[in-house]
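Notes follow once the structure below has been shown.
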Amino acid sequence: TGPVVQRNLKTSLKVNGKLMLPPQNQAQVSLLVGGIVKDILVQEGALVTKGQVLATIENIEYIQLQQDFLQSKSALNYLKAEFERQKELQKENINSGKTFQKAESDYSHELSNYNALKQKLSLYNTDTDKLNSENIRSAFNVLAPIDGNIHTIAINIGKFAEPNKELFDIVDNRFLHIDLTVFEKDISKI
């Protein structure tokens, strides 16, 4: 052994290898529910950023989900007020314990329903804080999960996008590297 020195190599070495991309730098975009493709806003090879809209998908179930959420939100406001009212009456022993328990149960049930619907809408990339009865939509956006380039697009406008089928393939080539296979006997040539 000795110190590392810089020198020119007189021999060349042929090795096999392949280009590799870490799994966190490639993404296949798919849907949890199907729908009709309304718009495609990118092209193959286009550079996209995380959160950028790739396409819009129309789905009737999405309209119903928004309606259910808004109804649950409205019911939750009423049940919360009723629960608070029954709680105050219970403190002063004006109402029966059964009435208070019923109000508490109804409020708790509707709260869990509200939170479940809120989580479902978040899967559609919907901001529930801005959702109201005037802005119910029939289409939702498909967003890019990572920064990168669109490698393939597997949908067309008007086509039914099936759940769990790849719509877009995105790769971030900034982290592309090559894995080479070198035999032990050739290690001295590297």
Side-chain angles (χ1 to χ4, degrees), residues 15-77 80 108-182 190:
V15 295
N16 292 322
K18 57 184 174 178
L19 294 172
M20 297 293 291
L21 194 60
Q24 62 270 23
N25 298 110
Q26 52 189 344
Q28 293 179 339
V29 182
S30 62
L31 302 173
L32 293 174
V33 294
I36 302 295
V37 179
K38 185 177 177 184
D39 291 312
I40 301 172
L41 306 171
V42 293
Q43 297 178 15
E44 286 187 2
L47 180 64
V48 296
T49 57
K50 182 176 181 175
Q52 180 178 336
V53 178
L54 304 175
T56 56
I57 308 291
E58 284 186 322
N59 182 305
I60 293 174
E61 294 170 16
Y62 179 57
I63 297 170
Q64 184 63 48
L65 186 60
Q66 292 170 93
Q67 180 184 356
D68 293 346
F69 173 78
L70 291 172
Q71 288 173 345
S72 178
K73 185 177 180 180
S74 177
L76 187 64
N77 290 335
K80 183 177 182 183
S108 178
H109 178 275
E110 195 58 44
L111 182 61
S112 65
N113 186 41
Y114 170 82
N115 286 329
L117 289 168
K118 187 174 184 174
Q119 289 301 313
K120 285 180 183 179
L121 282 171
S122 73
L123 295 174
Y124 288 90
N125 303 310
T126 302
D127 185 0
T128 54
D129 295 332
K130 295 179 182 176
L131 183 62
N132 60 45
S133 58
E134 278 80 44
N135 65 3
I136 291 178
R137 298 180 6 206
S138 63
F140 60 92
N141 295 329
V142 178
L143 305 180
I146 62 170
D147 294 340
N149 293 85
I150 302 291
H151 185 253
T152 57
I153 299 175
I155 54 173
N156 299 318
I157 293 177
K159 183 178 179 181
F160 183 79
E162 294 184 40
N164 302 320
K165 297 284 184 180
E166 179 185 327
L167 305 179
F168 299 93
D169 187 30
I170 302 173
V171 293
D172 187 354
N173 289 329
R174 292 177 299 165
F175 299 94
L176 189 66
H177 63 275
I178 188 166
D179 285 351
L180 300 173
T181 304
V182 179
I190 295 179

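Nothing here was measured: the structure is a model prediction, and the numbers come from that model.
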Any side-chain to backbone donor/acceptor pair from [X] onto [Y]? Under 3.5 Å, distance only.
| X | Y | answer |
| --- | --- | --- |
| N115 | L111 | yes |
| N132 | E134 | yes |
| S74 | Q71 | no |
| N149 | H151 | no |
| N59 | G34 | yes |

Any side-chain heavy-atom pair from [X] and [Y] closer than 4.5 angstrom?
| X | Y | value |
| --- | --- | --- |
| K118 | L121 | no |
| I36 | I57 | no |
| I170 | P145 | yes |
| Q66 | L131 | yes |
| S138 | I63 | yes |
| E162 | S30 | no |
| E61 | V33 | yes |
| L180 | I178 | yes |

For this session: Using a cut-off of 6.0 Å, state whether more than 12 heavy atoms not belonging to N16 lie near its atom CG.
Result: no

For residues 38-55, which side-chain N or O atoms pair as donor and acceptor with protein atoms under 3.5 Å away, sequence neighbours left out?
from, atom 1, to, atom 2, distance (Å)
D39, OD2, T56, OG1, 3.4
E44, OE2, I153, N, 3.2
Q52, OE1, T49, N, 3.1

Exercise. So N164 and L31, side-chain contact (heavy atoms from CB on, under 4.5 Å) or not? Walk me through it.
Worked result: CA-CA 5 Å; N164 302 320; L31 302 173; over 6 Å; no

Which pair of non-hydrogen atoms, one from [X] and one from [Y], has the smallest distance, and what is that distance?
| X | Y | result |
| --- | --- | --- |
| F175 | N25 | CD1-ND2, 3.2 Å |
| Q26 | V171 | CB-CG1, 4.1 Å |
| K130 | N135 | O-ND2, 2.8 Å |
| A154 | K159 | O-NZ, 3.5 Å |
| L167 | A161 | CD2-CB, 3.8 Å |

Exercise. Can you list every salt bridge (Lys or Arg N to Asp or Glu O under 4.0 Å) pair that touches residues 168-178, not counting sequence neighbours?
Worked result: D172-R174

Exercise. Just how far is it from atom CD of E58 to atom CZ of F160, taken to the nearest 0.5 Å?
Worked result: 12.0 Å

Exercise. So how far is it from K73 NZ to S133 OG, rounded to the nearest 0.5 Å?
Worked result: 10.0 Å

For this session: Indicate whether the side chain of D68 and that of Q64 have a donor and an acceptor atom separated by less than 3.5 Å.
Result: yes

Problem set entry | E110 side chain to S72 side chain, donor-acceptor N/O pair below 3.5 angstrom | yes

Exercise. Taking it one step at a time, do F168 and Q28 satisfy side-chain contact (heavy atoms from CB on, under 4.5 Å)?
Worked result: CA-CA 6 Å; F168 299 93; Q28 293 179 339; over 6 Å; no

Problem set entry | Which residues share a ring pair (Phe, Tyr, Trp, His ring centres under 6.0 Å) with Y62, sequence neighbours left out | Y124, F140

